[in-house]
> 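Below is the structure I would like to discuss, written out as C-alpha cells.
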Amino acid sequence: MSNVSLKLRQRAEVMAILKKYRDNVSPKGSQLKEDVDNLKKIGNDSLVAKILFEEITDSKNVYSNVCAVFLLEAIEDDVFEKTAFTFLQNSEIDDNRKFFIISLLKQKGINFDYHDVRKYINSPETIAQSGVKDFLVDAVKNPEVQIDLLDFYINISKEDRVYFLNNLTSEFQGDDLANAFSLLIQIVQDKDEQKMIAEALLETNSPYALEGLEFLKKEKLFAQYASKIDHAIKKISFANPNFKNIGIIEDSTKDKAYISFIDGNSDFSLAFSRKKENGQITTVLLTMNLMKGITSCVGFGAIAQENFNSIIERVFADSMPVNIEPEGLKLLCDYYLEKNYKTSTELPYEYIVWKKLLNDIDSNNLDVSEYLNKNLEKLNLTDAKIHKFINSKFLETWYYSYHQNEKVDEIIYKIEEKHISSIDEINKLVSETVDKYFISNEDFMAEFRSRLLILAFVAKLAKLNASSACAYSLCFENPYLKTIVTSIIDKSIYYYL
C-alpha cells in the first residue's frame with residue numbers, strides 16, 4: 001500500500017471514530033477509553049494529532065472537549081507539543097480556539113511561556129469586543145468559562161489587560177461585570193489594574209461585587225478606599241439580605257465528598273462533586289499540604305458519571321477514596337486556605353472559581369481541632385501493633401526521597417564517604433540523628449503529629465478503627481514515636497541505597 005493510500009485509510013479511521021461524538025452531549029467514559037486505544041493503534045500520532053487539532057479549531061463545546069481528551073490521552077508528548085505550536089502560529093485560527101489549545105498545553109504539563117502568548121493571538125481587541133456580553137453572562141453560571149476568563153487575563157500583556165479592563169468598564173455594568181471583576185481582583189498583581197477593578201466594583205452596586213469587595217477588605221488593599229469598601233458592602237448586603245452566589249451550583253445537588261489518606265510529603269486529596277437533574281457531574285479535586293495549605297486545584301464541569309468515576313479512580317489510585325461529610329470537607333478547605341495566607345503559599349487561581357461548588361455548605365459551627373479529634377480513641381501500643389502499623393499500606397509513602405531532607409542526606413553522605421557496611425553502625429548513626437534532629441525538633445514533631453492526626457481521622461472515617469487508634473495514640477507523648485520516625489529514616493536510606 002502506498003504512503004498516500006495508507007494516510008487516506010488512517011484519516012478515514014480517525015474520522016469514523018470522531019463521527020459518533022459530534023452530536024453526543026454526554027459520551028460514556030468506557031467508550032472514550034476504548035477509542036483512545038483505537039487511536040493509538042492507528043500508529044500515526046502526527047496525523048491523528050493534526051486531525052484532532054483541526055477539529056478543535058473548527059468546533060466548540062462538548063465535541064472540542066472530546067477531541068481534547070483524545071489529544072491528552074492518545075498522543076505522545078513531543079508530537080502533541082509540536083502540533084499544538086504549529087496551530088498556535090496559524091494566523092487564520094480564531095483567538096478563542098488558540099486559548100483552548102494553550103489550556104491543553106497546561107494540562108499536558110508542558111512548560112509554556114505565557115509572556116509570549118501575545119505573539120500567538122491575532123487581536124486582543126477583537127477578543128475584548130467580540131461576544132463579551134455572552135461570555136460574561138455565561139461566566140455567572142459556568143465555572144469553566146470563569147477559568148477561561150482567568151486564563152485569558154493571565155496570558156496577555158499588561159497593555160492588553162488595560163485595554164481589556166477599559167473596554168469592559170465602558171461597555172458593561174451590573175451583575176455580569178461585577179461577577180467577572182470579583183474573580184479578577186483576586187489574581188491581579190499590578191496596582192494600576194487593581195485600582196481600575198476596585199473602582200469599578202465600588203460602582204456596580206451588584207451583590208456579585210461582594211466577593212471582590214470582601215477580598216479587598218481582607219487583603220487591606222487600597223487603604224484610601226477602606227471606608228468606601230465598608231459602605232458598599234453594607235449597602236449591597238442590606239439591599240440583598242438573602243443573596244448567595246449560587247450561579248454555578250444552581251439546579252444541582254450535593255453528590256460525593258471524598259478524602260484520601262495522607263502521604264509521606266504531608267499531602268492529601270479532597271474531591272467534591274455535584275449532580276444535575278440530567279445526571280451530569282461537576283467536580284473539584286484538591287491537594288492539601290499540612291504546612292502550606294491548598295497546593296493544587298482542578299475542576300471538571302458537566303461530565304458523565306462514568307467519566308467522573310474514572311477521574312476518581314486516577315486521583316485516588318494510591319489511596320482509596322474515603323467518604324467525608326461535605327461540611328467537614330468545606331471546613332478543611334477553609335482551614336487550609338488560611339495556611340496559604342499565613343505561609344504566603346501561592347493559591348492556585350483555579351480555586352477562586354471551583355470553591356463556589358461549596359457555596360451552599362455551612363461549616364461555620366465546626367471547629368477543626370474538635371472535628372478531627374471527634375470520636376478518635378487511643379489504645380495501649382505494643383511492639384506487635386507498632387510493627388504491623390509501620391508495615392501497613394498507610395505508611396508506604398512515608399519516607400524522604402533524595403534531597404527532601406538534609407539530615408537524611410547527611411546520613412547517606414556519611415555512609416557513602418566512609419563506606420559503612422555494618423548494619424549496627426548504620427543503626428547507631430540513624431538513632432543519633434533521630435534523637436538530635438527529629439524527636440527534639442519541635443517543628444518537625446508538630447507536623448508529624450498533624451500528619452498522624454489526619455491519618456487517624458481518615459482511617460476512622462474508613463472504619464479502620466485499629467489503625468485509627470494506633471495513629472491517634474502516636475499523636476501524644478509515646479516511646480514508640482522514635483520507633484516510627486526511625487522506620488521512616490531507615491526506609492529513606494533503603495530506597496536511596
Side-chain angles (χ1 to χ4, degrees), residues 109 111 260-269 287-296 315-319 336 339 343-346 381-456 458-459 467 470-497:
N111 191 14
S260 75
F261 285 94
I262 192 163
D263 68 15
N265 295 317
S266 293
D267 293 330
F268 64 95
S269 300
T287 300
M288 325 297 261
N289 180 272
L290 288 183
M291 307 309 291
K292 298 177 182 177
I294 301 168
T295 57
S296 173
V315 171
F316 293 87
D318 297 323
S319 167
Y336 284 101
K339 292 269 189 181
T343 61
S344 298
T345 299
E346 183 177 358
L381 296 175
T382 64
D383 289 349
K385 289 173 182 176
I386 283 294
H387 179 75
K388 184 178 180 180
F389 182 67
I390 286 173
N391 291 284
S392 68
K393 181 176 175 61
F394 309 124
L395 270 62
E396 279 184 355
T397 62
W398 287 36
Y399 63 89
Y400 294 105
S401 299
Y402 190 47
H403 287 332
Q404 272 194 321
N405 186 288
E406 62 177 333
K407 297 305 176 184
V408 174
D409 290 347
E410 286 177 11
I411 297 175
I412 293 169
Y413 295 151
K414 288 180 181 178
I415 293 172
E416 290 184 329
E417 286 176 6
K418 297 182 179 181
H419 304 290
I420 301 174
S421 58
S422 166
I423 296 298
D424 288 340
E425 285 188 55
I426 293 175
N427 287 342
K428 181 181 178 183
L429 185 58
V430 169
S431 179
E432 291 172 351
T433 303
V434 168
D435 284 334
K436 187 174 182 180
Y437 297 108
F438 289 90
I439 297 298
S440 61
N441 184 322
E442 291 183 5
D443 290 339
F444 169 81
M445 291 308 298
E447 179 181 356
F448 193 66
R449 286 192 171 98
S450 294
R451 196 191 306 175
L452 287 165
L453 178 59
I454 292 291
L455 174 56
V458 177
S467 296
C470 191
Y472 190 55
S473 301
L474 290 165
C475 292
F476 304 90
E477 287 301 325
N478 193 299
Y480 285 109
L481 271 171
K482 181 176 178 179
T483 305
I484 191 170
V485 174
T486 300
S487 75
I488 291 171
I489 307 305
D490 287 342
K491 193 186 301 183
S492 305
I493 295 169
Y494 172 80
Y495 279 122
Y496 175 79
L497 299 177

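We're numbering straight along the sequence, starting at 1.
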> Looking at side-chain heavy atoms only, is the closest gap between K339 and I294 below 4.5 Å?
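Contact flag for K339/I294 side chains = no.
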> Using side-chain heavy atoms (C-beta onward) and a distance below 4.5 Å, is L452 in contact with L481?
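Yes, at least one pair of side-chain atoms sits under 4.5 Å.
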> Examine distances only and state if a side-chain atom of Y400 and a backbone atom of I489 form a donor-acceptor pair shorter than 3.5 Å.
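No: the side chain of Y400 does not pair with the backbone of I489.
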> If every non-hydrogen atom of L395 is compared with every non-hydrogen atom of F389, which pair is closest and at what distance?
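Taking L395 first and F389 second, the nearest heavy atoms are CD1-CZ, 3.8 Å.
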> Are side-chain heavy atoms of K428 and E425 found at a separation under 4.5 Å?
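No, side chains not in contact.
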> Restricting to non-hydrogen atoms, name the atom on S473 and the atom on N478 that form the minimum distance, rounded to 0.1 Å.
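Reported closest heavy-atom pair: O-ND2, 3.8 Å.
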> In the structure I gave you, are the side-chain heavy atoms of C470 and L381 within less than 4.5 Å of one another anywhere?
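Side-chain contact under 4.5 Å: yes.
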> Is there a donor in the side chain of N265 and an acceptor in the side chain of Q404, or the other way round, less than 3.5 Å apart?
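Yes - a donor-acceptor pair under 3.5 Å links their side chains.
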> Flag the pair H387 / N391 as yes when at least one side-chain heavy-atom distance between them is below 4.5 Å, and no otherwise.
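Sidechains of N391 and H387: in contact.
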> Between F268 and Y336, how do the two ring planes meet: parallel, tilted or perpendicular, split at 30° and 60°?
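Rings of F268 and Y336: perpendicular, as their planes differ by over 60°.
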> Supply the atom-to-atom distance N427 CG to D424 CG, rounded to the nearest 0.5 angstrom.
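Rounded to the nearest 0.5 Å, the CG-CG separation comes out at 6.5 Å.
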> Who pairs with E447 by side-chain hydrogen bond (donor to acceptor under 3.5 Å, both in side chains), at least two apart in sequence or on another chain?
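Per chain and number, E447 pairs via side-chain hydrogen bond (donor to acceptor under 3.5 Å, both in side chains) with S266.
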> With rounding to the nearest 0.5 angstrom, report the OG1 to NZ distance, T382 to K388.
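Going from OG1 on T382 over to NZ on K388, the span is 10.5 Å.
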> Answer yes or no: does atom CD of E346 have more than 12 heavy-atom neighbours from other residues, nucleotides or ligands under 6.0 Å?
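Open: at most 12 neighbouring heavy atoms sit under 6.0 Å from CD of E346.
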> Report yes if some heavy atom in the side chain of I439 is under 4.5 Å from a heavy atom in the side chain of V485; otherwise report no.
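They are in side-chain contact.
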> Yes or no on side-chain contact (heavy atoms from CB on, under 4.5 Å) for E416 and I412, after CA distance, side-chain angles and deciding distance?
CA-CA 6 Å; E416 290 184 329; I412 293 169; 4.1 Å; yes
> Any idea which heavy atoms bring I262 and W398 closest together, and the distance?
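Heavy-atom minimum between the residues: O-NE1, 3.2 Å.
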> Go through it in stages, so that I can follow the logic: the residues are T343 and M291, the test is side-chain contact (heavy atoms from CB on, under 4.5 Å), and I'd like the CA-CA distance, side-chain angles, deciding distance and then a yes or no.
CA-CA 8 Å; T343 61; M291 307 309 291; 5.9 Å; no
> If the condition is side-chain contact (heavy atoms from CB on, under 4.5 Å), which residues does S487 pass it with, not counting sequence neighbours?
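With neighbours one apart ignored, the set is I390, I484.
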> Any ion pair linking K407 and E410 (charged N to carboxylate O, less than 4.0 Å)?
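A salt bridge is present here (some side-chain N lies under 4.0 Å from a carboxylate O).
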> State which residue, out of T397, N289, T295, fulfils the side-chain hydrogen bond (donor to acceptor under 3.5 Å, both in side chains) condition with D267.
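Option passing the side-chain hydrogen bond (donor to acceptor under 3.5 Å, both in side chains) with D267: N289.
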> Check whether any side-chain heavy atom of N405 lies under 4.5 Å from a side-chain heavy atom of S492, and answer yes or no.
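No. Closest side-chain heavy atoms not under 4.5 Å.
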> K393 vs E396, test: side-chain contact (heavy atoms from CB on, under 4.5 Å). Steps then yes/no.
CA-CA 5 Å; K393 181 176 175 61; E396 279 184 355; 3.9 Å; yes
> Atom OG of S296 and atom CE of M288: how far apart are they, to the nearest 0.5 Å?
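Here the rounded value is 10.5 Å.
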> Could you label the plane-to-plane angle of the F448 and F444 rings as parallel, tilted or perpendicular, counting under 30° as parallel and over 60° as perpendicular?
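It falls in the parallel class, under 30°.
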> Write out all pairs satisfying salt bridge (charged side-chain N to carboxylate O under 4.0 Å, His left out) with one or both partners inside residues 476-494, taking only residues at least two apart or from two chains.
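Sorted result for residues 476-494: D435-K482, R449-E477.
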> Below 4.5 Å, heavy atoms only, C-beta onward: do V408 and F438 meet side chain to side chain?
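In contact.
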> Where do S269 and S260 come nearest, in terms of heavy atoms and distance?
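Answer, listing the atom of S269 first, then S260: N-OG, 2.8 Å.
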> Set out, in order, the CA-CA distance, both residues' side-chain angles and the distance that settles side-chain contact (heavy atoms from CB on, under 4.5 Å) for I426 and I411, then state yes or no.
CA-CA 8 Å; I426 293 175; I411 297 175; 5.6 Å; no
